[in-house]
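Chain letters run A, B, ... following the sequence lines, proteins first, then strands; residues in each count from 1.
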Amino acid sequence: MNRRLGRSFFARDALDVAPELLGKVLAAGACRGRIVEVEAYRSDEPASHTFRGRTPRTTVMFGPAGHLYVYFTYGMHHCANIVTGADGDGQAVLLRAVTPLAGADVMRSRRGGAAGRPVADRRLADGPGKLCQAFSLDRTANGLDLCARRDAGVTVVDDGTAPPEQPIVTPRIGIRMATDLPWRWVAPDGFR
DNA sequence: GCCTGGATTGTCT
DNA sequence: GACAATCCAGGCA
């Protein structure tokens, strides 16, 4: 099976979409990676960019589900989210980590490649910033429609792998303002 | 306009 | 385990 996820998959509450994204496949060009770690963000909690209402940056996140919301942080890193919920909700699921299924060599070269020791495949995209680097996602990818009739270049597909029955659920990482909401989901074995 | 701090990572100790 | 790197969004004057 190799089915692109449709708009209806994403147009639900982020708390429902996030755990079901575990095991799905992120595909961009020749690169494919299985999603193993996600976090949910909603406009009703202060850790979210959308908590304080719509701004130029967060316009995409307030838009229709199934779009990519990519933002720049810490002066050097990008983070990729998938917009969820109804149009105007301001929800998203942050993609924190994937394990490469295809195109690992391309990811490795994008990550700086030859410098230093060889990087194990599963370490190539095991963080939000690294994931974006490996899949070449930056601000130009912000607002891409994953469900567009014509492939926008980045999609999420279901290859038949079921989400883990008992994902590890923890508070989110790196949040300072926030609340200890257990809105982070991790695949127990990383689908290894 | 200026100022502050961040949904991180890599490197050094 | 600690911290520097580095740029931009958002808040405030």
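- Checking B:dT9, B:dT8, C:dA9 against every side-chain atom of A:Arg57, the shortest atom distance belongs to C:dA9.
- Side-chain contact of A:Thr161 with A:Arg34: a donor-acceptor pair under 3.5 Å is present, judged by distance alone.
- Atom pair A:Arg52:CZ and B:dG6:C1' shows a separation of 13 Å (rounding to whole Å applied).
- Taking atom CZ of A:Arg54 as the reference point, atom C1' of C:dA9 lies 17 Å away to the nearest angstrom.
- We find that CG of A:Leu124 is positioned 17 Å from C1' of B:dT8, with the value rounded to whole Å.
- One interatomic measurement links the two molecules: OH of A:Tyr74 to C1' of B:dG6, which rounds to 5 Å at whole-angstrom precision.
- The distance from atom NE2 of A:His78 to atom C1' of C:dC7 is 10 Å, rounded to the nearest whole Å.
- Looking only at atom types and distance, the side chain of A:Arg4 has no donor-acceptor partner in the side chain of A:Thr155 under 3.5 Å away.
- Among the nucleotides C:dG10, B:dA7, B:dT9, the one closest to any side-chain atom of A:Lys130 is B:dT9.
- Toward the 5' end of DNA chain C, the nearer of the two residues A:Phe72 and A:Thr58, judged by each one's closest nucleotide, is A:Phe72.
- Atom NE2 in A:His77 sits about 20 Å away from atom P in B:dG5, given to the nearest Å.
- When each of A:His77, A:His49, A:His78 is paired with A:Phe72, the ring-ring contact (aromatic ring centres under 6.0 Å, His included) condition holds for A:His78 and for no other.
- Summarising the geometry, the separation between CZ on A:Arg123 and C1' on B:dT8 is reported as 14 Å, rounded to the nearest angstrom.
- At a cut-off of 3.5 angstrom, counting only N and O atoms as typed in the model, there is no donor on one side facing an acceptor on the other between the side-chain of A:His49 and the base of C:dA9.
- For the pair A:Thr55 and C:dG10, the criterion of a side-chain N or O lying under 4.0 Å from OP1 or OP2 is met.
- Dashed line: the shortest gap from a side-chain N or O of A:Arg111 to OP1 or OP2 of B:dG10 is under 4.0 Å.
- For the C1' atoms, the distance from B:dG5 to C:dC3 is 16 Å, rounded to whole Å.
- Note: CZ (A:Arg139) to C1' (C:dC7) measures 9 Å, nearest angstrom.
- Base pairing analysis places B:dA7 opposite nothing; no Watson-Crick or G-U wobble pair with both distances below 3.5 Å involves it.
- Remark: C:dT6 base-pairs with no nucleotide in the shown strands. Criterion, Watson-Crick or G-U wobble with two distances under 3.5 Å.
- Residues A:Leu26 and A:Leu95 meet the side-chain proximity criterion, which asks for heavy atoms closer than 4.5 Å.
- Clustering ILVMFWY residues whenever any of their side-chain heavy atoms sit less than 4.5 angstrom apart, transitively, puts A:Leu15 in the very cluster that holds A:Val93.
- Interface remark: the A:Tyr71 side chain does form a donor-acceptor pair with the B:dA7 base, using a distance-only criterion of under 3.5 Å.
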